[in-house]
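This report refers to the structure that appears directly beneath it.
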Amino acid sequence: MSATSSDPSTVPDPDVEEGIKYWESQPASYDGVLGGFGNGSLPRVDALGTRQFLMYLLPELCTVPSAVRPLDVPAPAPASARRTRVLDVGAGVGRVTSDVLLHLFADVVLVEPVERFIAEAVRRGRASERAGPAAPGTGASIAEDANPEAAPWKGIGDGRKSVTFVQATLQDFDPARPSAGVAEGKAKILGRVGYVPAEDDLDTGFDVVVCQWCLGAMSDPDLVAFFRRSKAALRDPARGFIIVKENLCSEKGEPRVVFDESDSSLTRSDLAWKQAFAEAGLRVVHEQIQRGFPEGLYPVKMYALQ
Ligand code: SAH
């Protein structure tokens with residue numbers, strides 16, 4: 001059951017504890033984080049859509065020959081160049097990290113509050129580490145085609161890439177200074193897999209912050225505050241982005257928000273999202289509807305913000 005309203009003052013705010021309680025009752029799997037859509041075409045279509053969106057924004061991220069890599073992009077930077085860093089928030093079992101971000105970035109920080117989800121992400125990361133380097137031309141890509149959920153994570157077994165696991169809510173997490181949250185007891189570091197830097201890199205900011213299917217857990221003030229903290233954590237304001245990929249409820253010319261009692265979350269309309277972006281001082285530089293999802297779902301849109 002959903003209580004809906006076009007008057008924002010009558011829509012309740014999400015209750016963080018209620019939301020977490022709901023997610024704790026869901027299986028720690030793609031099916032669990034995707035509300036029963038984990039086994040069909042959705043995960044693959046979703047991951048490819050996000051990868052293409054990111055490569056459109058940052059063509060230099062694409063380091064393999066590809067039909068979507070423009071010809072006028074300089075060759076991939078040498079290994080000595082600065083490592084790219086990305087933040088995956090409300091990350092669930094690490095689906096976006098493994099199927100999107102490790103294909104494009106060097107270092108991922110994964111933030112998720114629900115114990116069993118982040119434990120599953122850590123388990124997959126450690127299993128990828130033990131799996132060692134993938135044999136050239138075999139293994140990872142074939143396993144990934146068959147079942148992305150079972151494939152080893154790219155770049156972890158050979159130590160080229162890394163994932164750091166942080167247990168925290170979005171309300172408590174500060175992307176610019178994760179270590180401050182740890183010191184204050186608001187965030188817990190559960191470990192790191194893959195590449196280990198010579199110097200701690202936790203507070204060195206991000207090239208991209210990715211938020212998918214989790215921002216509904218925040219009230220408008222929490223959302224705007226989180227966007228502001230995320231913006232402050234972008235290393236290069238001109239080449240860095242906050243990516244939002246979320247459901248959209250319908251609207252009739254005005255911002256609209258729907259409260260979902262089952263997980264105590266908000267579904268926002270396009271204009272409601274844009275209102276929150278503007279309030280946080282963010283500009284929409286690119287936006288795109290995700291095509292190819294099964295019928296009957298909310299439309300899903302990707303926004304790139306600066
Ligand atoms: N982004 C992942 C998971 C989506 S499911 C993916 O696309 O696969 C929604 C996720 O939001 C769950 O992992 C849930 O635990 C998380 N979540 C719920 N409340 C949250 C909060 N207050 N802060 C951060 N994450 C939250």
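Heavy atoms only: backbone and side chains are in, while hydrogens, waters and symmetry mates are out. Order of listing sets the numbers, starting from 1, for every ligand and every atom in it.
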Exercise. Please confirm whether Trp23 comes within less than 3.5 Å of ligand 1 when only nitrogen or oxygen atoms on both sides are compared.
Key: no
Exercise. Could you tell me whether Arg95 and Asp88 make a salt bridge, using a distance below 4.0 angstrom between a side-chain N and a carboxylate O?
Key: no
Exercise. Looking only at distances, please establish whether an N/O atom of ligand 1 is found under 3.5 Å from an N/O atom of Leu170.
Key: yes
Practice problem: May I ask you to test the Arg124-Ser98 pair for a side-chain heavy-atom distance under 4.5 Å? | Solution: yes
Quiz item: Are the side chains of Gln288 and Phe53 in touch, meaning some heavy atoms are under 4.5 Å apart?
Solution: yes
Quiz item: Which is it for Met218 and ligand 1 at heavy atoms under 4.0 Å: side chain, backbone, both or neither?
Solution: neither
Quiz item: Considering only the protein, which heavy-atom contact is closest to atom 19 (N) of ligand 1, and what is its distance?
Solution: Ala217 CB, 3.5 Å
Quiz prompt | Identity and distance of the protein heavy atom lying nearest atom 12 (C) of ligand 1 | solution = Glu112 OE1, 3.7 Å
Quiz item: Between the side chains of Asp260 and Tyr22, is a donor N or O closer than 3.5 angstrom to an acceptor N or O?
Solution: no
Quiz item: Applying a 4.0 Å heavy-atom criterion (strictly less than), which segment of Val93 is in contact with ligand 1: side chain, backbone, both, or neither?
Solution: neither
Self-check item: Test of proximity, Arg95 against ligand 1: N or O pairs below 3.5 Å
Solution: yes
Quiz item: Does a side-chain heavy-atom distance below 4.5 Å link Val209 with Leu234?
Solution: yes
Quiz prompt | Asp263 versus Ser265, side-chain donor and acceptor atoms under 3.5 Å | solution = yes
Quiz item: Between Asn147, Asp99, Asn39, which is the residue that forms a side chain to side chain donor-acceptor pair (under 3.5 Å) with Tyr30?
Solution: Asp99
Practice problem: List the closest protein heavy-atom neighbour of atom 25 (N) of ligand 1: residue, atom name, distance to the nearest 0.1 Å. | Solution: Pro113 CD, 3.3 Å
Self-check item: atom 11 (O) of ligand 1: nearest protein contact (heavy atom, Å)
Solution: Cys214 CB, 3.5 Å
Quiz item: Got the closest protein heavy atom to atom 21 (C) of ligand 1, with its distance?
Solution: Gln171 OE1, 3.8 Å
Quiz item: Is there a heavy atom in Gly19 that sits closer than 4.0 Å to ligand 1?
Solution: no
Quiz item: How far is atom 5 (S) of ligand 1 from its nearest protein heavy atom, and which residue and atom is that?
Solution: Val33 O, 3.4 Å
Quiz item: If you measure every N/O of Gln212 against every N/O of ligand 1, is any gap under 3.5 Å?
Solution: yes
Quiz item: By number and element, which atoms of ligand 1 are closer than 4.0 Å to a non-hydrogen atom of Val114?
Solution: 15 (O)
Quiz item: Does one side chain, of Glu115 or Gln167, offer a donor that lies under 3.5 Å from an acceptor on the other?
Solution: yes
Quiz prompt | Protein contact to atom 9 (C) of ligand 1 [nearest heavy atom, distance to 0.1 Å] | solution = Trp213 O, 3.1 Å
Practice problem: Report yes if some N/O of Gly90 lies less than 3.5 Å from some N/O of ligand 1; otherwise report no. | Solution: yes
Quiz item: Between Phe241 and His286, does the ring centre distance come in under 6.0 Å?
Solution: no
Quiz item: Between Arg192 and Asp107, is there a side-chain N and carboxylate O pair less than 4.0 Å apart?
Solution: yes
